[in-house]
Amino acid sequence: MHIVTTIAGSDSGGGAGIQADLKTFQELEVFGTSVITALTAQNTLGVTGVCPIDVSFIIKQLEALVEDFPIAAIKTGMLYSSEIIKAIAHKIRELNIPLIVDPVMIAKGGESLLQQEAIDALRSTLLPLATVVTPNIPEAETLTGRSIHHFEDMKEVAQSLLQLGVHCVIIKGGHLADPLYAIDYVFCKNGRSFSLQSPRIQTKNTHGTGCTFSAALTAFLGQGFALENAIIEAKKFIQLAIMFNLSIGNGHGPTNHFAYQQYKEGCEVIIHET
């Protein structure tokens, strides 16, 4: 049994955060463990409250896990503050475990989930430890202070993140203007780069897409998939989760974590060398 860990915030609405991660882990047949960094009061309409967990108790959760389980991969999501980020980075630095960083900054409804001073801490302490970082375009711009308008901008932003020590950068293309395709761009430290293209689904039900994609990637890496294969399968997982969304709630509804196992054989992702 492969054991993986998510370090993230709790989403009371069940569509993102710890809840989305654990659902994804379960569907991909890995055993999910968790470290909760913050509680949120939220639903599909937005976030109405955030209660961060005491830093010492966050580390106590992580220590309890690594003491007992052979963890195969770790992902981080909502980390909220610079104190939390620094403490987690200090602990992870002691471990030799693949780390997937989803730099969660803003909720689907627009609420900030990462304090401003935490961005520098993320860059300086956690990203140098990361195997993969999975920002969307606004997050990639915030992390690097560079605007993305064209592919060349994206390459420069990715190189900036790779220079911090990250081994692989996946810039998710959901915010691109392409009306037909959702295109994600992958840049690796070894010089390999490619894009993943799938049909764009016109839907408002995209709550938790970033959490779910990075959780799927964590699950596949935890099972020993090669990095490129893990990225491709994670792309399929989120594509199907959006395509067969659940239409729950009155706002940005959650994706469907059950879809992959039922429909994966018919899901194709087009890969282009860049």
Side-chain angles (χ1 to χ4, degrees), residues 5-9 16-17 21 35 37-38 50 52-53 55 58-59 62 73-107 110-175 184-193 209-211 213-215 217-218 221 227 231:
T5 295
T6 170
I7 304 174
D21 294 344
V35 173
T37 59
V50 178
I53 304 299
V55 175
I58 291 171
I59 298 305
L62 182 55
I74 295 175
K75 69 150 287 190
T76 63
M78 174 188 174
L79 299 179
Y80 189 70
S81 72
S82 59
E83 291 78 14
I84 292 173
I85 291 170
K86 291 175 183 177
I88 288 171
H90 179 76
K91 190 65 185 177
I92 287 178
R93 192 175 291 112
E94 302 172 0
L95 310 173
N96 185 26
I97 299 174
L99 172 65
I100 296 82
V101 175
D102 179 18
V104 176
M105 296 181 184
I106 299 174
E111 299 83 2
S112 175
L113 298 177
L114 185 67
Q115 294 179 334
Q116 187 62 39
E117 66 269 21
I119 294 170
D120 287 340
L122 191 67
R123 283 173 46 88
S124 62
T125 64
L126 198 60
L127 290 186
L129 307 176
T131 306
V132 186
V133 62
T134 63
N136 57 34
I137 287 177
E139 290 164 348
E141 291 177 327
T142 300
L143 284 171
T144 61
R146 299 167 181 252
S147 297
I148 296 176
H149 302 290
H150 309 289
F151 177 68
E152 290 303 316
D153 299 329
M154 200 175 293
K155 284 172 56 177
E156 291 180 7
V157 164
Q159 287 303 315
S160 178
L161 293 172
L162 289 171
Q163 288 171 8
L164 295 175
V166 181
H167 289 272
C168 179
V169 177
I170 305 173
I171 301 181
K172 297 172 294 189
H175 290 79
D184 302 331
Y185 292 87
V186 182
F187 303 88
C188 300
K189 201 164 191 174
N190 63 6
R192 172 102 164 99
S193 64
T209 50
C211 303
F213 172 75
S214 57
L217 180 57
T218 304
L221 289 175
L227 179 58
I231 294 169

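Numbers here are sequence positions counted from 1.
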Discussion item. Can you tell me how far apart CD1 (Ile100) and OG1 (Thr218) are? Round to the nearest 0.5 Å.
Written reply: 4.0 Å

Discussion item. Strictly distance-based, threshold 3.5 Å: is any side-chain N or O of Ser193 a donor or acceptor partner for the main-chain N or O of Val186?
Written reply: no

Worksheet item: Can you tell me how far CD1 of Ile7 sits from NZ of Lys91, rounded to the nearest 0.5 angstrom?
Response: 11.0 Å

Discussion item. Distance check, rounded to the nearest 0.5 Å: His167 atom NE2 versus Leu227 atom CG?
Written reply: 10.5 Å

Worksheet item: Do you know which of Ile84, Val104, Asp102 makes side-chain contact (heavy atoms from CB on, under 4.5 Å) with Met78?
Response: Val104

Worksheet item: Among all residues two or more places apart in sequence or in another chain, which pass the salt bridge (charged side-chain N to carboxylate O under 4.0 Å, His left out) test with Arg146?
Response: Glu156

Discussion item. I want to check something: taking the side chain as every heavy atom from C-beta on, are Thr142 and Pro103 in contact at a cut-off of under 4.5 Å?
Written reply: no

Worksheet entry | pair Ile97-Ile92: side-chain heavy atoms closer than 4.5 Å | no

Item to complete: State, to 0.1 Å, how close Tyr80 and Ala118 come at their nearest heavy-atom pair, and which atoms those are.
Response: O-CB, 4.0 Å

Worksheet, complete the sentence: By side chain to side chain contact (heavy atoms under 4.5 Å, CB included), Ala215 pairs with (sequence neighbours left out) Asp21, Thr24, Phe25, Lys75

Worksheet item: In Å, rounded to the nearest 0.5 Å, how long is the span from CD1 of Ile88 to OG1 of Thr76?
Response: 7.0 Å

Worksheet item: Going by heavy atoms in the side chains, are Ile170 and Phe213 under 4.5 Å from each other?
Response: yes

Discussion item. For the OH atom of Tyr185 and the CD1 atom of Ile148, what is their distance to the nearest 0.5 Å?
Written reply: 11.0 Å

Worksheet item: Looking at CD of Glu141 and CE of Met154, how far apart are the two atoms once the value is rounded to the nearest 0.5 Å?
Response: 9.0 Å

Sequence neighbours excluded and cut-off under 3.5 Å, please list the side-chain donor-acceptor pairs for residues 119-140, or say none.
{"residue": "Arg123", "atom": "NH1", "partner": "Leu143", "partner atom": "O", "Å": "2.5"}
{"residue": "Ser124", "atom": "OG", "partner": "Asp120", "partner atom": "O", "Å": "2.9"}
{"residue": "Thr125", "atom": "OG1", "partner": "Ala121", "partner atom": "O", "Å": "2.5"}
{"residue": "Thr131", "atom": "OG1", "partner": "Leu99", "partner atom": "N", "Å": "3.1"}
{"residue": "Asn136", "atom": "OD1", "partner": "Glu139", "partner atom": "N", "Å": "2.9"}
{"residue": "Glu139", "atom": "OE1", "partner": "Asn136", "partner atom": "N", "Å": "2.9"}

Discussion item. Please give me the minimum heavy-atom distance between Ala158 and Val169, naming the atom from each residue.
Written reply: O-CG2, 3.9 Å

